[in-house]
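Scroll down for the structure; my scribbles are underneath it.
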Amino acid sequence: MDDSKILDSAEDAEFRAQAREFLSAHAALRMGTDRTTLLSTDASREAELAHIAAARTWQRTLFDHGWAGIAWPKIYGGRGGTREQAKIFSEEELRYEVNTGALSIGLQMVGPTLLEHGSEEQKLKFLPEMLRGEALWCQLFSEPGAGSDLAGLTTKAELDGDEYLVNGQKVWTSSAHVADWGMMIARTDWDVPKHRGISYFLVDMRSPGIEVRPLVQITGFAHFNEVFLTDVKVPAANLVDQPGNGWRVANTTLSNERNMIGSGSGISFQSILELAHSLDRGDDPLVRQELAHSYTRFHLVLWLAGRARARASRGDHLGPEASVLKLLASQKMAADGDLVMALQGAGGMLKLEDAPFDGMWQSYFLNQWSVRIGGGTEQIQRNVLGERVLGLPSENRPDKVLPFKDVPRN
Ligand SMILES: Cc1cc2nc3c(=O)[nH]c(=O)nc-3n(C[C@H](O)[C@H](O)[C@H](O)COP(=O)(O)OP(=O)(O)OC[C@H]3O[C@@H](n4cnc5c(N)ncnc54)[C@H](O)[C@@H]3O)c2cc1C
């Protein structure tokens, strides 16, 4: 029996049945190993564009049938349901050959941020087009000198009449080369301590002055980019919340990002088991022991994600839970990465069509660092846990109280 049937309330079981009915009428059931986008081995731009087009089409199908934005209010195009229902729908959707991963920065990071901090005009403009699959978003946060220490960013936004003039550089910006919109944090005040001088903007990625240069990753994909901003004009109406409140707004985005990475980075245990069986390793007692560890990791992450979701559905702000979840999910990916390579033995050295499953497990292994670094590194999640859960003293940070213009920088 699957776990969902044990945990569902009567109403949720009814909702799950409706979701299954809709999905089976509109999508093909996934057969065998779940070859998610993450595990695709085709690094070409054509494959990426085809994947994005499929994501947009599926998102539009969801919208047209009332299944988009399950927990978002109806006024913004959502279904007006509960977070538990959103979780149930995602679980069911995973069983089908459909994927909205290309739209996830918008749907899972920008959307929840605007719901919490956006103006009514911003919500009415941006949320429905996200739910219709029309807008693809990217996250313009990290800079060459501001990653773990994100609040040390130096991209500058200056108010000039009814628009801001933006100058600076971002880096590691996933999907910037295909994005319609970007959420961006930039410094608007250099005379106050660093966290207080940051503002949060919504930027049209086709604005003059934006230059995007792709970076190729260890996996061969070029999903992220450098972004150069030179005299980019951003309407003041695209400022989210108040000037100087951007750090607070960005933290909502970052918690949702950690939650998204933590909840979504797991390949199913079933797929690893299938790999073991396909290589005739399933009866080896030592392999079975490792598989048992993998099964345990899989369920721990699943339950931790459920706990974070339950907290969010009570209306609580997602805080350190998201860090715990992301840390555990990235450790799981590292341990499972080692396992899938060990299972292949010498075959692990092969790639693409010479390797089992066309080399998708090699991609999985190499991709572990994107989860371990992206959205805040493992070390930074540990700092959050140390300081905010265990109550350990924080590092000595004089730069937190000095006006940013007086903080020594190289
Ligand atoms: C696949 C991928 C996709 C990404 N996509 C995006 C994106 O779309 N948008 C975006 O804005 N960013 C994105 N990032 C950037 C990501 O958020 C940063 O890489 C990350 O926050 C780390 O910053 P950094 O690379 O500058 O490393 P640094 O901050 O320079 O850290 C270097 C090392 O020092 C350690 N370290 C730093 N400070 C401390 C400390 N105080 N205590 C202990 N250890 C510390 C770190 O853990 C790390 O090991 C992406 C990254 C990856 C890998």
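Scope of the values below: all heavy atoms of this structure, side chains included, with no hydrogens, waters or symmetry mates. Remember, predicted model here, so these are calculated numbers, not experimental data. Whatever order the structure lists them in is the order used to number ligands and atoms, beginning at 1. Throughout, residue positions are numbered sequentially from 1 according to the sequence presented.
Using the six-membered ring where Trp is involved, Y295 and H299 have ring planes that are tilted, between 30° and 60° apart.
In this structure, atom 34 (O) of ligand 1 has its sub-4.0 angstrom surroundings free of protein heavy atoms. By the definition of a contact as any protein heavy atom under 4.0 Å away, atom 30 (O) of ligand 1 is not in contact. Less than 4.0 angstrom separates atom 53 (C) of ligand 1 from at least one non-hydrogen atom of the protein.
No side-chain N or O of S394 forms a donor-acceptor pair with one of E387 less than 3.5 Å apart. At a cut-off of 3.5 Å, with distance as the only test, no side-chain donor of H177 or R213 sits close to an acceptor on the other residue. If you check the side chains of S175 and H223, you find no donor sitting under 3.5 Å from an acceptor.
Counting protein heavy atoms only, atom 51 (C) of ligand 1 is closest to G374 CA, 3.6 Å. Counting protein heavy atoms only, atom 36 (N) of ligand 1 is closest to S148 OG, 4.2 Å. When hydrogens are left out, the protein atom nearest atom 26 (O) of ligand 1 is G147 CA, 3.3 Å; that is the closest non-hydrogen contact. Of the protein's heavy atoms, I380 CD1, 3.7 Å lies nearest to atom 39 (C) of ligand 1. At the top of the distance list for atom 8 (O) of ligand 1, counting protein heavy atoms only, stands S174 N, 2.9 Å. For atom 9 (N) of ligand 1, the closest heavy atom belonging to the protein is Q139 O, 2.8 Å. When hydrogens are left out, the protein atom nearest atom 15 (C) of ligand 1 is S142 OG, 3.2 Å; that is the closest non-hydrogen contact. Given atom 13 (C) of ligand 1, the protein heavy atom at minimum distance is W172 O, 3.1 Å.
Side-chain N or O atoms of S24 include one that pairs as donor or acceptor with a backbone N or O of R20 at under 3.5 Å. H65 places a side-chain N or O within 3.5 Å of a backbone atom of T61 that can act as its donor or acceptor partner. Using modelled atom types, no side-chain atom of E158 and backbone atom of Y164 make a donor-acceptor pair closer than 3.5 Å. For N167 (side chain) and K156 (main-chain N/O), no donor-acceptor pair under 3.5 Å exists by modelled atom type. In this structure, the side chain of Q85 engages the main chain of T82 through a donor-acceptor pair within 3.5 Å. Side chain of R297 to backbone of A292: no donor-acceptor contact under 3.5 angstrom is found. Using modelled atom types, one side-chain atom of H26 and one backbone atom of F22 make a donor-acceptor pair closer than 3.5 Å.
Considering backbone and side-chain N/O of S370, none are found under 3.5 Å from N/O of ligand 1. Remark: ligand 1 and Q379 share an N or O pair separated by less than 3.5 Å (distance only, no angle test). Annotation: T377 places an N or O atom under 3.5 Å from an N or O atom of ligand 1; distance criterion only. In terms of polar-atom proximity, defined here as any N/O pair under 3.5 Å, N383 does make such a contact with ligand 1.
Counting the atoms of ligand 1 from 1 in the order shown, those under 4.0 Å from a heavy atom of F224 are 1 (C), 2 (C), 3 (C), 52 (C). Every atom of ligand 1 is numbered from 1 in the order shown, and the set under 4.0 Å from a heavy atom of F141 is 11 (O). The contact set between ligand 1 and I373, taken as ligand atoms under 4.0 Å from a residue heavy atom, comprises 19 (O), 20 (C), 53 (C). Against a heavy-atom cut-off of under 4.0 Å, G375 is close to the following atoms of ligand 1: 17 (O).
Using a 4.5 Å cut-off on side-chain heavy atoms (C-beta onward), F224 and Q217 make contact.
Taking 4.0 Å as the cut-off, C138 does not count as a neighbour of ligand 1 on heavy-atom distance.
Within the cation-pi definition used here (under 6.0 Å to the ring centroid, within 45° of the axis), R79 does not qualify as a partner of W72.
Residue-level proximity to ligand 1 for E395 is carried by the side chain, the only part with a heavy atom below 4.0 angstrom.
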